[in-house]
Structures are given as structure tokens and as C-alpha cells.
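One structure is given below, encoded as C-alpha cells.
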Amino acid sequence: MTTPFPFTAVVGQDDLRLALLLNAVSPAVGGVLVRGEKGTAKSTAVRALSALMPEVPVVAGCRFSCDPATPDPACPDGPHEAGAGSERPARMVELPVGASEDRLVGALDIERALAEGVKAFEPGLLADAHRGILYVDEVNLLHDHLVDLLLDAAAMGASYVEREGVSVRHAARFLLVGTMNPEEGELRPQLLDRFGLTVEVAASREPDQRVEVVRRRLAYDDDPAGFAARWADEEAAVRARIVAARELLPSVRLGDRALRQIAATCAAFEVDGMRADIVMARTATALAAWAGRTDVLAEDVRQAALLALPHRRRRNPFDAPGLDEDKLDQTLEEFSGEGEGDEDPDPDGPGGGGGQPPSEGPQTDDGASGARPEAGEGGEPQPSEAGSGEQSAVRASEPFRTKVLSVPGLGEGAAGRRSRARTEHGRTTGARRPRGALTKLHLAATVQAAAPHQRARGRSGPGLVVRRDDLRQAVREGREGNLVLFVVDASGSMAARQRMSAVKGAVLSLLLDAYQRRDKVGLVTFRGSAADVALPPTSSVDAAAARLETLPTGGRTPLAAGLLKAHEVLRVERLRDPARRALVVVVTDGRATGGPEPVALAGRAARLFAAQGVASVVVDCESGPVRLGLAGQLAGELGGTAVTLDELRAESIAGLVRDVQGGSKRRAA
């Protein structure tokens, strides 16, 4: 068994270690989401936590970790009689991003269930994680159907497996810990809210601290067991402190003043719902217990707000999580009047300052926040020095809800919410022989396949004699995510400030739609004499919005170069992810200038997309009383359709997908 890196040997990352320890003291806090750049010890700290967790009493032989004091009456391995059990270390179960549904919730032996009526159930990861830690690395990349199962289990404290009339239920209460790199995409809001606390981590910019990180990591890699032994005393001390804090927790008093501060803070920051208030109360109580106190102080409420509120303030996927600390302090000060019977112990007395985790080695404050570069005066990014004729970037107009732009046909790409596809989830449309393990049984087709052979198989009782060859996999149709590749004209003909603001607003609206539909996005821009890949295909819609925000305009219109660059991006992406279909969104007025025969060259480039059947939409940005209709001509060459900025709004473009398909059919004719 691999020796984990000691928790107390992690350098810096005070907020991360504190959030994890608070959940160890009070699992009711609800888990931790750790956001940060790669290589910041996120996974190392989480994996190290399991060694500090107190041992768990379990019923001997129970696969579902029932508590012997209060066994689950509905346990599939039960019923159990209350009494003494055995103790084992708390488990930390890792959920791989690519796990199957059966691996997460467990699987039934369908063949035995049909033939014998026996509930032969193999527990999944949710059962293994019961009363322990469920850790999801890169949680933002988890497939939607697994996210749905996690949400159900987190809300109900139980996992349900329903397969063709056979039902199994078992308890599933766990500490959910996730790590993610925001550059790779954001979490669904429903899952984001299920994490009690969130922590932003970044690598230290202090040379001394970075040196200590490298020194300890090299020492651990050379001799993991020896390195862990050197930190054994510190680990034992923290483990004992967790046990003591757990025992003290029921005695901690959350006074009226602290409750008013919690409620006022949540109201001041306009968080949705009441979960934030409850999480803050539990976190503040855990902070007091961790400090060895029985009263919650204002400093506990403040620290709880910094951990529990930032991720709940996001209004759209482009909002960076964070909290205005000046506003927080003003709110706490305003509601600092003591309630009846509320008296603060001396903060400098025993137990004071307990809001920090154990800290060894050189410690410095790391001010890195990962924030975007500051905008220039008036809220607009500073203009770059790219060359003559360039105009500074302008702000996008207010985004709006768009209608769905879908890829025609039936795909087989990654699960999402945009285009029709054959998936493991959705409505059943047919049956086939299973390829590999059976995941979704088509009961009627299975019975139909087995029925003609019952006499030959010597059936004598009521049970159906089923063989492996009789089993049929259900074929289902759902939705897939696509690659939405934006090709944006940033030339001088688009440079009017209000016009470019409207264009950016339209692209931003489509990016919001792509975020909600779990798409990958890419951004190609063209201006002057060339085209650039402003953003290679990625799941991070935030990154696309940031690049769009700083996009300058000016120069000629190399439309052909933009289309050819987009064609090359699609070619490379097809090699990486051949199952994911693409939707190309060209945002332009259709003009083409610069070089010999720019219009003819653009037409030839557009026909490359048409020849490969790539779905495309041209957002026509032409304005003014006289219109040349060049964007419509480009759409015809692409084999797609054209839509104006006004028609892009949700209430205006009904039937757009039908037009895309119609354009393809006309091209084929």
C-alpha cells in the first residue's frame, strides 16, 4: 500500500487545510470544493486527510458500513442487531471522472434476477464511501449522469438502484471533496451549491516557501515511509485534536448574536436559498470546537463566511468567485451588538486563534488570487499595441437568451444537452445485442429472445430460463455536447463601437448557452492580414469569454484565412475526439478584403466545410439601410444558414435548425 504524503507536511495552503480539518471535525459542514491551478497540492492534501480521520465502528461483515449502534433497518445485508462491532480506518474512495453508472451506484445481476428472482447486488463506490470521504478529482469534468446520481445521494443520504422492477436501497452519507482547475470548465450550479465550503488555491510566489515545497517533495519521493515517520508525531497530535474537537462539538453554543451576524451576512451578499446560512452556522460551530472553545465568536463567523459564501455568489459562469471583505466587515460590525446572555470569552485566552490549521516549515502569505488582469479606465481593457489602425477593445452588450443551435442528424459524442445522439441515458428507441458488459437491459426484447427456447432448455417451473445470448441492450436516444467553434470577424468593417459591442454580446450569449449545454468551445479571430486561434477547443467557457472581452478590432478582412484556420482547428480536434461533432458559428458581415481575389478565395474555403458536412451558422452583422447580403451568400457556400443579430434572440429564431437542415438538403440537391 502506498504511503500517503503527511497532511502536516503540506507547506502553506492554510485555507485548504483548515477547510478539510473543519469537515473532519463536523462532516455535516458538507464537504469542500478546491479550485486552483495545476500543481498546487490539491490532491495531495485531500488524500492525506484520510489518515487523520478517526476510525469508524462498523457491523462486522456488512458491505455497507452500518453503524453497530444504529444499524440501517433497510440495509441489503441486514437486518443487523444493535450491538458491538469492529473498528476500521475511515475510507477515502476516489470516483474516476470516466466511471460508469454501475461502478458508482452498484450493479444487479440481471440474469439471476430474471431467472431466479434473486437480488444479487454488487455495491458501488457510494456504498464504499458511506461514513467516509468520496473524492472526485477534476470534478468539473464529471459526466452529467454521474452528477445527477451524486446530487440525489447527497440530498437523500441514500442510493437507489432501480433496474427493471428490481429495487435496492442503501445508506450513502459521505464527505464530498472535489478538486478542479477552473481553466477546464465550471461546475453545474446544482452541484456547486452542494459543496459546503470552497477554497481557492494558488502556488506561492515566495522563493523560500517554494524551496521548502520542493525539498519536502523530493524527500518524500526518495523514501515515503521514512518521510512519513518523521512527521508521525505531528500527525498524531492533529488526529488527537480532531477527536477532541468532535467530542466538544455538541457543547458549542451558537448564540443569538452570531446567528444574526450569519443571517445578515447571507442577506447582504444576496445568496440564494437558506443552505448558505446553515452551512455558515455549522462551519462557525466547527471553528469554535477546533479552537477548543464552547462559544462562537465573531471571528468564527467571519472565517465561516470566507469559506462558505464565495461560490454561492456566482450569478453566471463568467463571475469569478470571491467576497468583498470590506463589506463583510461592515456587516459584521453593524450586527455586533450582543444578544441576551451573549458574552465573548477573551480571544487572547486559551483556545484563541484556533482558526488556523497546524503549520510547520516556513510559512508566508500567498497573495496570488488568479484574478483576471484589471481593465482600463471606464471598465474597458487597455488597448494593445498590435499596429496601426487597431482600435481598443469594447465591452460586450448585455447577454440574452438564445434559441438552440443544433447539429443535424444523430451523433454518438460525449453526453451533453445540445444535439440528438445515441447515449446510455434517454428514451429507449430499440434493442441490440450487448457489446461487452450489459448496462441497460431491454426487458421485452430479452424475454422475446428467450421465449422460443424454453422447451429445449427443459423449463419446468415458473422461472424463465435465460442465457447470456438472450440478453438485449437497450438502445437509447438522448443529447450530446458539441464543439462550438466561433469564427469572429474583428476587422475594420466591424469596428464601430456599438456594432462590435452588439457582436460581442451575441457571442457572449452563445457562450452562456454552450456552458449550459456542456459543450466544448473554441475561438478563431481574423483581422488585418491573418487569422489567429484565440482559444483552442476547451471546456472552459470562462476562458473564451475572457479572450472575447479583450478582442481588439481594425484592419482588413481576411475572411478566407479565418475559415481556413477554423478548418485546420476542426481537423486536429477530429483526431483528438472523433465522436464529438462540430458546429461552426461564423460572426461576420460577409465582406472579404485583402490579397488577390479575396471573395473567390473565401468561397473556396467555405466549400471545404460544405464538402465535409460540417454544420454551420453565419451570424450576419451587416447593418445600415443598404445591405449587400454577403453573409447570406457565405452561408450558402458553407451549406448552412444565416441569421441576423436580432433573429438570434430566443423569441425570434424558431425553425433555425430546420433551416440549417434545409440548406444542407438544397446543397445536396
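Model, not experiment: these values are computed from the prediction. When a residue number appears, it is its place in the shown sequence, counting from 1.
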Within the structure provided, determine whether Leu249 and Thr285 are in side-chain contact (heavy-atom separation under 4.5 Å).
yes

Over all atoms of both residues, closest heavy-atom pair of Val199 and Leu307
CG2-CD2, 4.1 Å

So, Arg312 and Asp272, do they make that salt bridge, N to O below 4.0 Å?
no

Could you state the interatomic distance from CD (Glu235) to CG (Asp233), rounded to the nearest 0.5 Å?
10.0 Å

Can a side-chain donor-acceptor contact be found between Thr3 and Tyr220 if the only test is distance below 3.5 angstrom?
no

Mind checking side-chain hydrogen bond (donor to acceptor under 3.5 Å, both in side chains) for Arg230 and listing every partner two or more places apart, or none if nothing turns up?
none

For Val521 and Ala514, work out which heavy atoms get closest and say how close.
CG1-CB, 3.6 Å

Can you name the one residue among Leu33, Val279, Val177 that meets side-chain contact (heavy atoms from CB on, under 4.5 Å) with Phe195?
Leu33

Checking Asp14 against Leu18 for the side chain to side chain contact (heavy atoms under 4.5 Å, CB included) test, could you report, in this order, the C-alpha distance in whole Å, the side-chain angles of both residues, the deciding distance, and whether it holds?
CA-CA 6 Å; Asp14 289 347; Leu18 177 60; over 6 Å; no

With distance as the sole test, does His130 use its side chain to make a donor-acceptor pair with the main-chain N or O of Arg173 at under 3.5 Å?
yes

Residue pair Leu328 / Ala305: nearest heavy atoms and the distance that separates them:
CD1-CB, 3.8 Å

Just jot down the salt bridge (Lys or Arg N to Asp or Glu O under 4.0 Å) partners of Arg417, sequence neighbours excluded, or say none.
Asp144

Applying salt bridge (charged side-chain N to carboxylate O under 4.0 Å, His left out), run through Arg518 and Glu480 and close with a yes or a no.
CA-CA 8 Å; Arg518 318 304 289 172; Glu480 67 176 1; over 6 Å; no

Between the main-chain N or O of Arg63 and the side-chain N or O of Asp77, is there a donor-acceptor pair closer than 3.5 Å?
yes

Could you go step by step and tell me if Arg35 and Asn181 meet the side chain to side chain contact (heavy atoms under 4.5 Å, CB included) rule?
CA-CA 6 Å; Arg35 296 166 46 94; Asn181 183 348; over 6 Å; no

Hey, could you give me the CG/CG distance between Asp324 and Leu309, rounded to the nearest 0.5 Å?
12.5 Å

Between Arg239 (side chain) and Met53 (backbone), is there a donor-acceptor pair under 3.5 Å?
no

How far apart are the C-alpha atoms of Val56 and Asp67, what are their side-chain angles, what is the distance that settles it, and do they pass the side chain to side chain contact (heavy atoms under 4.5 Å, CB included) test?
CA-CA 8 Å; Val56 178; Asp67 187 342; over 6 Å; no

Side chain to side chain contact (heavy atoms under 4.5 Å, CB included) between Val58 and Arg131, worked out
CA-CA 10 Å; Val58 295; Arg131 304 177 66 207; 3.9 Å; yes

Which of Ser65, Cys75, Pro76, Cys62 passes side-chain contact (heavy atoms from CB on, under 4.5 Å) with His170? Answer is Pro76

So Glu212 and Arg216, salt bridge (charged side-chain N to carboxylate O under 4.0 Å, His left out) or not? Walk me through it.
CA-CA 6 Å; Glu212 187 63 20; Arg216 294 187 188 184; 2.8 Å; yes

Roughly how far, to the nearest 0.5 Å, is OH of Tyr135 from CE of Met92?
7.0 Å

Pair Asp137 + Lys42, salt bridge at N-O below 4.0 Å
no

Residues pairing under side-chain hydrogen bond (donor to acceptor under 3.5 Å, both in side chains) where one sits in residues 45-60, two or more places apart or in two chains, turn out to be Arg47-Glu94

Check Ala288 against Asp295 and note the closest heavy-atom contact, atom names and distance.
CB-O, 3.6 Å

Roughly how far, to the nearest 0.5 Å, is the CD1 atom of Ile133 from the CG atom of Asp128?
14.0 Å

Residues in salt bridge (Lys or Arg N to Asp or Glu O under 4.0 Å) with Arg169, at least two apart?
Asp72

Working to the nearest 0.5 angstrom, can you tell me the gap between Tyr160 OH and Leu126 CG?
13.0 Å

What side-chain donor-acceptor pairs closer than 3.5 Å can you find for residues 147-156, not counting sequence neighbours?
| from | atom 1 | to | atom 2 | distance (Å) |
| --- | --- | --- | --- | --- |
| Asp148 | OD1 | Arg188 | NH1 | 3.0 |
| Asp148 | OD1 | Arg188 | NH2 | 3.2 |

Can you tell me if Gln13 uses its side chain to pair, donor with acceptor, with the backbone of Ala41 under 3.5 Å?
no

Which pair of heavy atoms, one from Phe5 and one from Arg217, lies closest together, and at what distance?
CD1-NH1, 4.1 Å

For the residue pair Leu259 and Leu254, establish whether any side-chain heavy-atom pair is separated by less than 4.5 Å.
yes

Say whether, by atom type as modelled, one donor and one acceptor occur between the side chain of Arg282 and the main chain of Ala28 under 3.5 angstrom.
yes

Going from CG on Asp542 to CG on Leu511, what distance comes out if it is rounded to the nearest 0.5 angstrom?
10.0 Å

Shortest non-hydrogen contact from Arg246 toward Pro54:
NH1-CG, 3.7 Å

Please check this pair: side chain of Asn23 against backbone of Leu20, looking for a donor-acceptor N/O pair closer than 3.5 Å.
no

Any donor and acceptor pair, going by atom type alone, linking the side chain of Arg418 with main-chain N or O of Asp519 inside 3.5 Å?
no

Check whether the side chains of Glu234 and Thr8 place a donor and an acceptor atom closer than 3.5 Å, and report yes or no.
no

List for me each residue that meets salt bridge (Lys or Arg N to Asp or Glu O under 4.0 Å) alongside Arg517, sequence neighbours excluded, and say none if there are none.
Asp513

Got a donor-acceptor contact below 3.5 angstrom from the Lys327 side chain to the Ala268 backbone?
yes

